[in-house]
Amino acid sequence: MGQLAVRALRAVLVVVLAGTVFVQALMVWVLVSGSDPEDGSLPLTPLRVITVLGMVSAQVALVSVWRLVTMVRRGTVFSHAAFRYVDAVIGAIVAAALLWFAVTAINAPGQRDDPGVTVIMGGIGVAILGVALIVFVLRMLLAQAVARDVEAAQMQAELDEVI
């Protein structure tokens with residue numbers, strides 16, 4: 001991975017992480033202070049709690065990607081330590097999908113006249129789960145690469161003994 005790509009990715013990760021922390025702080029302040037500026041028909045407190053939790057899942061994924069990029073730069077990504085971070089990304093994506101389904105359930109009663117919105121929102125939740133499956137497949141590829149790396153190291157050790 002090139003130095004420019006790593007720096008660009010890290011800059012994006014920092015900006016997104018800082019933005020989510022800022023928005024979380026504002027939302028938690030509104031929840032704690034009880035000064036809800038909006039008076040809508042949807043239950044805003046559960047939606048705010050879900051949003052804060054969704055940002056937590058995004059933050060877990062961001063930090064895990066940061067750690068994986070660090071491992072790539074050091075050349076240690078093909079190790080068992082990388083699985084912890086990949087598993088964290090998968091868990092964060094699944095958590096985000098579950099939170100999205102919760103938002104869909106909260107929104108559904110207001111969509112009785114137009115259930116298509118609820119169906120579309122459910123489809124988005126399924127798509128988010130699809131992303132988790134894609135990352136899971138990539139995890140399996142990483143497992144194969146780690147196994148091959150271990151096998152190559154063993155063969156190199158045997159070859160060194162013969163020589």
Side-chain angles (χ1 to χ4, degrees), residues 1-32 46-107 118-163:
M1 206 171 179
Q3 190 74 309
L4 180 62
V6 169
R7 287 184 180 167
L9 178 58
R10 285 188 172 167
V12 169
L13 293 174
V14 166
V15 168
V16 173
L17 188 62
T20 58
V21 169
F22 177 72
V23 171
Q24 272 180 320
L26 291 177
M27 294 184 90
V28 168
W29 173 255
V30 168
L31 286 170
V32 171
L47 288 175
R48 283 197 178 98
V49 170
I50 290 170
T51 302
V52 168
L53 293 174
M55 284 189 236
V56 168
S57 71
Q59 291 163 348
V60 167
L62 292 169
V63 170
S64 297
V65 168
W66 182 283
R67 296 294 301 155
L68 286 168
V69 169
T70 301
M71 292 179 82
V72 167
R73 290 300 300 153
R74 292 181 184 161
T76 60
V77 75
F78 294 114
S79 66
H80 293 287
F83 290 110
R84 172 179 14 167
Y85 302 115
V86 175
D87 290 341
V89 170
I90 293 169
I93 295 170
V94 169
L98 295 175
L99 290 167
W100 182 256
F101 286 130
V103 168
T104 303
I106 290 170
N107 189 47
T118 304
V119 172
I120 291 170
M121 289 178 73
I124 291 170
V126 172
I128 295 169
L129 286 175
V131 172
L133 284 173
I134 290 169
V135 176
F136 182 72
V137 169
L138 294 174
R139 183 194 188 282
M140 291 189 303
L141 292 173
L142 177 64
Q144 288 179 354
V146 168
R148 297 244 166 99
D149 195 44
V150 168
E151 184 180 333
Q154 289 172 345
M155 289 179 156
Q156 183 65 43
E158 290 175 8
L159 186 61
D160 289 343
E161 286 179 14
V162 171
I163 295 176

Requested in this report: Any chance you could lay out the side chain to side chain contact (heavy atoms under 4.5 Å, CB included) test for Ile106 and Leu47, step after step, and finish with the verdict?
Outcome: CA-CA 8 Å; Ile106 290 170; Leu47 288 175; 4.1 Å; yes
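- The closest side-chain heavy-atom distance from Val150 to Gln154 is below 4.5 Å.
- Across Ala82 and Met71, no two heavy atoms sit closer than the pair N-CE, 3.6 Å.
- Of all heavy-atom pairs spanning Met121 and Trp100, the tightest one is O-NE1, 2.7 Å.
- Taking CG from Asp149 and CD from Gln156, the interatomic distance works out to 11.5 Å, rounded to the nearest 0.5 Å.
- To the nearest 0.5 Å, the span separating CG on Leu68 from CZ on Arg84 amounts to 10.0 Å.
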Report task. Decide yes or no on side chain to side chain contact (heavy atoms under 4.5 Å, CB included) for Leu17 and Trp66, but give the supporting numbers first. Result -> CA-CA 11 Å; Leu17 188 62; Trp66 182 283; over 6 Å; no
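- The heavy-atom pair separating Gln24 from Val52 by the smallest distance is NE2-O, 3.1 Å.
- Between Met55 and Met27 there is a side-chain heavy-atom pair separated by less than 4.5 Å.
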Query raised in the report: Hey, mind stepping through Val89 and Arg139 against side chain to side chain contact (heavy atoms under 4.5 Å, CB included) and telling me if it holds?
Result: CA-CA 10 Å; Val89 170; Arg139 183 194 188 282; over 6 Å; no
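- For the atom pair CZ of Arg148 and CE of Met155, the computed distance is 10.5 Å after rounding to the nearest 0.5 Å.
- Across Thr104 and Gly122, no two heavy atoms sit closer than the pair CG2-N, 4.1 Å.
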Query raised in the report: So Phe101 and Leu129, side chain to side chain contact (heavy atoms under 4.5 Å, CB included) or not? Walk me through it.
Result: CA-CA 11 Å; Phe101 286 130; Leu129 286 175; 3.8 Å; yes
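- Counting only heavy atoms from C-beta outward, the side chains of Val65 and Val69 approach each other to under 4.5 Å.
- Heavy-atom neighbours of Leu4 CG from other residues, nucleotides or ligands within 6.0 Å: at or below the threshold of 12.
- Taking CD of Gln59 as the start and CG of Leu53 as the end, the distance is 10.5 Å to the nearest 0.5 Å.
- Counting heavy atoms of neighbouring residues, nucleotides and ligands inside a 6.0 Å radius, atom CZ of Phe22 does not exceed 12 of them.
- Rounded to the nearest 0.5 angstrom, Ser57 OG and Leu62 CG are separated by 9.5 Å.
- Within the model, atoms CZ of Phe136 and CG of Leu141 stand 11.0 Å from one another, a figure rounded to the nearest 0.5 Å.
- Scanning both residues, Val94 and Ala132, for their nearest heavy atoms gives CG2-CB, 3.8 Å.
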